[in-house]
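Written below as structure tokens is the structure these notes are about.
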Amino acid sequence: MIHPTKRTPVVFLAALLLALGVTGVAGSSPSIGSKEAEAQQIIGQINSLDAELGVAIEAYNAAQVRLDQIEAEQRVNERRLRIAKRNLRRAQANLSERLVALCKAGEQSAVEVILGAATLDELLDRADAVERVSEQDARIVREVRAFRTEVKRREAQLRKARAQQADLVSQRAAHRAQIEAQLAERERLLSSVRDEIARMQAAERRRQEQLAQEAEQRLGSSGGGGGG
């Protein structure tokens, strides 16, 4: 049978070691646990932002593709515009030749049409009003007006479509950049929290090692005193 005086220091030191160990874990684990919970929350936010970024990138790419298509259409239409402008100049030259021919033929009304017109529109309106204008003259007038209207319509359409699509691309690029900035900020925060968790865990390990050393020293000291 073990003598009561020898068992008491062992029981006391074991209880002391258990109390020290439990106290150390209870005092530090909630802080590490809360940081780990914070890290998990940030990871969830990162996953959500990453999914949102994927959608934003797809929207931006689609807008950019459409802008490229419009610019390609613009280049095609610019060639058509050059053709339309050449035809416009040709029709104007034909009209001028017809009016000059009428003047040389002694048509007083044609002279009044030319001298009384301040602009091409007015000239065309006056030419339309001259009853003796032949079908050929009328056709030339219609061609001039049709080509000029087509030129203006195409120019307006191209400018409007290009401006609207460029604005859409700019908006979606800004939205994408905003999400990327938020994602980068969350990733930096996650890295900081993980570093802090690692530091806390290292500090906790050092504290537990120190507690164990102190317990061993006390146990050795108590054992030596009991033996004496």
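Quick note: residue numbers are just sequence positions, from 1.
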Report the C-alpha distance between Gln171 and His175 in whole Å, list the side-chain angles of each, state the deciding distance to 0.1 Å, and finish with yes or no for side chain to side chain contact (heavy atoms under 4.5 Å, CB included). CA-CA 6 Å; Gln171 291 178 7; His175 182 56; over 6 Å; no
List the atom of Ala63, the atom of Gln165, and the distance in Å for their closest heavy-atom pair.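 Closest approach of Ala63 to Gln165: O-NE2, 3.0 Å.
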Pairwise distance [atom1]([X]) to [atom2]([Y]) - rounded to 0.5 angstrom:
X	Y	atom1	atom2	result
Ile43	Glu36	CD1	CD	10.5 Å
Arg205	Met200	CZ	CE	12.5 Å
Leu190	Gln40	CG	CD	9.0 Å
Gln182	Ser48	CD	OG	10.0 Å
Gln69	Gln64	CD	CD	11.0 Å
Gln74	Glu155	CD	CD	10.5 Å

Assigning hydrophobic clusters by single linkage (Ile, Leu, Val, Met, Phe, Trp, Tyr; side-chain heavy-atom cutoff under 4.5 Å), is [X] placed with [Y]?
X	Y	value
Val65	Val55	no
Ile179	Leu189	yes
Leu67	Leu168	no
Leu53	Ile42	yes
Ile197	Ile46	yes

For the pair Arg186 and Gln45, evaluate side-chain hydrogen bond (donor to acceptor under 3.5 Å, both in side chains) and give the outcome as yes or no after the intermediate values. CA-CA 8 Å; Arg186 292 287 93 185; Gln45 294 171 351; 2.5 Å; yes
Could you tell me whether [X] and [Y] make a salt bridge, using a distance below 4.0 angstrom between a side-chain N and a carboxylate O?
X	Y	result
Glu204	Arg207	yes
Arg206	Glu209	no
Arg153	Glu150	yes

Strictly distance-based, threshold 3.5 Å: is any side-chain N or O of Arg172 a donor or acceptor partner for the main-chain N or O of Ala59?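 Present.
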Got a donor-acceptor contact below 3.5 angstrom from the Asn61 side chain to the Ile57 backbone?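 Checked: pair present.
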Start with the C-alpha distance between Glu73 and Arg154, add both sets of side-chain angles, then the distance that settles salt bridge (charged side-chain N to carboxylate O under 4.0 Å, His left out), and finish with yes or no. CA-CA 11 Å; Glu73 293 172 4; Arg154 289 183 181 275; over 6 Å; no
Any chance you could lay out the salt bridge (charged side-chain N to carboxylate O under 4.0 Å, His left out) test for Glu185 and Arg188, step after step, and finish with the verdict? CA-CA 5 Å; Glu185 188 275 332; Arg188 286 193 297 268; over 6 Å; no
Is the closest side-chain heavy-atom distance between Arg79 and Val76 below 4.5 Å?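 Arg79 reaches Val76 side chain to side chain.
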